[in-house]
Amino acid sequence: MTYSELMSAGIRMLTEAGFEEARTDVRTLVCHACGTELTELLLNAGLNVPHKQERRFFSMLERRLKHEPVQYITGEQEFCGIKFHVRPGVLIPRPETELLAEAVFRSASGKRVLDLCTGSGCIAVTVAKLGSPSLVAAADCSEAALKIAKENAALQDAEISFFCGDLFEPVEGTYDIIVSNPPYIKSGIIRELMTEVRDFEPELALDGKADGLYFYRRICAEAKEYLNPGGRLMFEIGYDQGTEVSELLITEGYTGVEVKQDYAGLDRMVFAVWPVQNKESKDV
Ligand code: GLN
């Protein structure tokens with residue numbers, strides 16, 4: 001079987017099973033199974049595929065046919081141009097989240113940055129590599145996730161302090177920027193997500209409890225002790241949570257609350273400032 005025949009066979013199987021991105025998926029899987037770049041693969045399309053590579057491709061294709069995300073099959077996802085290791089213990093970094101990482105690294109120069117609910121570490125590592133922060137710390141409640149985040153930091157030679165525990169509980173120090181992409185899907189909606197997400201990605205990373213706002217509520221209240229005066233809180237949010245998260249921030253005494261959109265024009269981020277002169281310091 002030639003590489004070209006292998007790709008056609010794979011595309012046919014995925015298309016017949018109703019996969020919309022059959023061609024892209026197959027190209028990625030063939031490249032991975034054969035350890036080759038796409039350009040090389042296309043140049044060599046007429047050559048015969050060694051049996052070992054063919055077997056490896058079809059076993060990967062079988063996993064994809066069961067709707068396992070391509071990124072868990074290949075074990076990697078690019079984020080802001082950086083290659084990240086991903087496994088089922090962490091959410092696969094999303095393109096929308098690149099916008100949040102970008103907003104953070106652009107304003108991180110000389111700052112102390114904390115990434116809460118870091119997962120794969122994609123935000124923390126990107127900020128450490130592309131911003132010029134004075135320090136980056138990252139926290140997560142999942143040891144499995146932190147193991148992957150540490151791997152990603154090591155791969156990129158990014159210096160990050162890691163904390164394992166429930167939100168701020170293990171965190172030490174104060175910060176100029178606290179960034180978080182916490183779980184924000186309403187528990188009741190998780191069942192309706194696409195199979196790839198629902199059956200393969202960690203529920204722990206998705207479930208924002210009954211109204212999806214559990215983590216925002218806690219982070220808004222608890223971050224005050226960890227933010228330097230004038231420090232910023234920078235959140236990713238669900239497309240329909242802009243108003244609610246803004247209200248939470250205002251109620252907690254934050255100022256300069258701004259909702260920002262993703263490339264699809266949907267509300268995707270909320271930024272706020274912990275004021276130098278805040279309500280609580282005026283009271284004492
Ligand atoms: N954006 C993710 C999704 O749609 C959810 C990420 C999160 O809960 N933080 O699946």
Side-chain angles (χ1 to χ4, degrees), residues 1-99 101 119-122 125-126 129 144-145 147-149 151-157 185 190-203 205-206 262-264 266:
M1 187 179 242
T2 63
Y3 286 101
S4 166
E5 288 164 346
L6 186 74
M7 286 192 275
S8 304
I11 293 168
R12 206 175 323 114
M13 284 165 80
L14 282 186
T15 307
E16 280 167 11
F19 285 78
E20 277 168 22
E21 307 285 337
R23 207 166 101 113
T24 316
D25 289 359
V26 163
R27 284 181 163 193
T28 308
L29 295 179
V30 173
C31 285
H32 201 80
C34 303
T36 159
E37 299 289 328
L38 183 59
T39 44
E40 202 186 329
L41 186 70
L42 298 177
L43 280 171
N44 295 334
L47 300 184
N48 281 327
V49 185
H51 284 306
K52 204 171 154 194
Q53 294 185 6
E54 188 181 313
R55 272 201 309 276
R56 203 182 299 150
F57 168 69
F58 281 112
S59 78
M60 293 172 111
L61 193 68
E62 242 169 71
R63 289 169 66 181
R64 184 67 191 119
L65 282 162
K66 290 180 190 148
H67 289 271
E68 182 167 352
V70 171
Q71 295 92 332
Y72 286 153
I73 302 173
T74 61
E76 58 192 37
Q77 169 66 42
E78 201 178 271
F79 182 87
C80 290
I82 299 172
K83 203 178 266 183
F84 283 88
H85 277 184
V86 292
R87 291 195 291 276
V90 292
L91 200 73
I92 297 162
R94 306 286 202 261
E96 303 89 277
T97 310
E98 291 181 329
L99 290 170
S120 64
C122 61
V125 171
T126 302
K129 292 302 286 182
K147 187 162 179 271
I148 298 170
E151 257 174 55
N152 284 321
L155 276 172
Q156 298 304 327
D157 225 349
I185 311 282
I190 292 194
R191 258 172 289 126
E192 294 164 27
L193 301 175
M194 57 195 284
T195 319
E196 274 78 354
V197 180
R198 185 192 60 212
D199 292 351
F200 291 94
E201 296 203 89
E203 202 169 312
L206 295 165
D262 60 20
Y263 288 123
L266 301 170

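Values in this document were obtained by computation on a predicted structure and should not be read as measured data. Computation of the quantities below employed the complete heavy-atom set of this structure, encompassing side-chain atoms and omitting hydrogens, waters and symmetry-equivalent molecules.
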Is the closest side-chain heavy-atom distance between Glu40 and Asn44 below 4.5 Å?
yes

Roughly how far, to the nearest 0.5 Å, is CZ of Arg198 from CD1 of Ile190?
11.0 Å

By side chain to side chain contact (heavy atoms under 4.5 Å, CB included) - contacts of Gln71 (at least two apart):
Pro69, Gln77, Val86, Ile92

So, for Leu99 and Asp262, which heavy atoms are closest and what is the spacing to 0.1 Å?
CD1-CA, 3.5 Å

Please report the closest heavy-atom contact between Glu98 and Cys80, naming both atoms and the distance.
OE2-N, 2.8 Å

Would you say Gln53 and Thr36 make side-chain contact, with heavy atoms under 4.5 Å?
no

Check Leu14 against Ala22 and note the closest heavy-atom contact, atom names and distance.
CB-CB, 3.7 Å

Can you list the steps and then say if Arg12 with Thr15 is a side-chain contact (heavy atoms from CB on, under 4.5 Å)?
CA-CA 5 Å; Arg12 206 175 323 114; Thr15 307; 5.9 Å; no

I need the Leu266 CG to Glu96 CD distance, nearest 0.5 Å.
8.5 Å

Could you state the interatomic distance from CD (Glu16) to CG (Leu65), rounded to the nearest 0.5 Å?
10.0 Å

Non-hydrogen side-chain atoms of Phe19 and His67 separated by less than 4.5 Å
yes

Is there a side-chain contact (heavy atoms from CB on, under 4.5 Å) between Ile73 and Leu29 once you walk through the steps?
CA-CA 8 Å; Ile73 302 173; Leu29 295 179; 3.9 Å; yes

Taking 4.0 angstrom as the limit, do Glu76 and Lys83 come out as a salt bridge?
yes

With Phe58 as partner, the option from Arg55, Glu62, Glu54, Met60 fulfilling side-chain contact (heavy atoms from CB on, under 4.5 Å) is Glu54

Parallel under 30°, tilted from 30 to 60°, perpendicular over 60°: which one fits the rings of Phe79 and Phe84?
perpendicular

In plain terms, say whether Glu201 and Arg94 are close enough for a salt bridge, that is, a side-chain N and a carboxylate O under 4.0 Å apart.
yes

Value for CD1 (Ile82) from SG (Cys122), rounded to nearest 0.5 Å, stands at 9.5 Å

Output the distance between atom CD (Glu37) and atom CG (Leu43), rounded to the nearest 0.5 Å.
12.0 Å

Might you point out which heavy atoms bring Leu61 and Met13 nearest each other, and give the distance in Å?
CD2-SD, 3.7 Å

Any side-chain heavy-atom pair of Val49 and Phe57 under 4.5 Å:
no

Output, in order, the C-alpha distance, side-chain angles, deciding distance and verdict of salt bridge (charged side-chain N to carboxylate O under 4.0 Å, His left out) for Arg87 and Glu151.
CA-CA 11 Å; Arg87 291 195 291 276; Glu151 257 174 55; 2.9 Å; yes

Of Ile11, Leu41, Leu42, the residue whose pairing with Arg27 passes side-chain contact (heavy atoms from CB on, under 4.5 Å)
Leu42

Got a donor-acceptor contact below 3.5 angstrom from the Arg63 side chain to the Glu68 backbone?
no

Do Val125 and Lys129 have side chains that get closer than 4.5 Å, going by heavy atoms?
yes

Indicate whether any N or O donor in one side chain lies under 3.5 Å from an N or O acceptor in the other, for Tyr72 and Glu196.
no

Atom pair CE/OG of Met1 and Ser8 - distance to nearest 0.5 Å
8.5 Å

Other residues, nucleotides, ligands: >12 heavy atoms within 6.0 Å of Lys147 NZ:
no

For a side-chain contact (heavy atoms from CB on, under 4.5 Å) check, start with the C-alpha distance between Ser120 and Leu91, then their side-chain angles and the critical distance, and finish with the verdict.
CA-CA 7 Å; Ser120 64; Leu91 200 73; over 6 Å; no

